[in-house]
Amino acid sequence: MVGSDREDMENKIQTVQTEYENTAEEIKTNQEYVKTYQRQKQKYQDQLNVID
C-alpha cells in the first residue's frame, strides 16, 4: 500500500472506532433513561393501585 492509502485506511479505522465508542455511550445513556422511566411508571402504577 502506498503511504497515503495506509494513512487513509488508518483514518477510516479511527473514525469507525470513534463512532463505535459514541454509539456505545449513547446506548448506555438510553438504557439509563429506560430504567428511569420504568421506575417512574411503576411508581405511578403503585399510586393508582392505592387509589383503586
Side-chain angles (χ1 to χ4, degrees):
M1 270 178 32
V2 183
S4 64
D5 284 348
R6 181 175 179 78
E7 194 174 313
D8 188 41
M9 287 308 287
E10 286 171 353
N11 287 339
K12 286 179 181 175
I13 289 168
Q14 187 56 53
T15 300
V16 169
Q17 180 65 29
T18 301
E19 286 298 322
Y20 165 79
E21 289 166 7
N22 291 345
T23 302
E25 193 58 40
E26 205 174 300
I27 289 169
K28 204 168 117 185
T29 301
N30 288 339
Q31 286 171 334
E32 288 303 314
Y33 281 133
V34 167
K35 288 178 194 167
T36 300
Y37 292 135
Q38 283 172 333
R39 282 193 297 269
Q40 197 172 21
K41 180 182 170 189
Q42 187 59 55
K43 190 175 91 179
Y44 293 146
Q45 195 65 54
D46 292 345
Q47 288 174 352
L48 251 184
N49 291 341
V50 169
I51 293 169
D52 287 346

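- With rounding to the nearest 0.5 Å, the separation of CD in Gln31 from OG1 in Thr36 is 11.5 Å.
- For the 3.5 Å distance criterion, the side chains of Glu10 and Gln14 fail to qualify, holding no donor opposite an acceptor.
- In this structure, Asn30 CG and Tyr37 OH are separated by 9.5 Å, a value rounded to the nearest 0.5 Å.
- Residues Thr15 and Lys12 form no side-chain contact, since every pair of their non-hydrogen atoms from C-beta on lies 4.5 Å or further apart.
- Of the inter-residue distances, the one linking Thr29 atom OG1 with Glu32 atom CD reads 8.0 Å to the nearest 0.5 angstrom.
- Among Lys43, Lys41, Lys35, the single residue meeting the side chain to side chain contact (heavy atoms under 4.5 Å, CB included) criterion with Arg39 is Lys35.
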**OP:** Verify side-chain hydrogen bond (donor to acceptor under 3.5 Å, both in side chains) between Gln42 and Gln38, making sure each step is shown before the conclusion.
**Re:** CA-CA 6 Å; Gln42 187 59 55; Gln38 283 172 333; over 6 Å; no

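- Taken to the nearest 0.5 Å, the CD atom of Glu7 stands 13.0 Å off from the CE atom of Met9.
- Rounded to the nearest 0.5 Å, atoms CD1 (Ile51) and CG (Asp46) are 11.0 Å apart.
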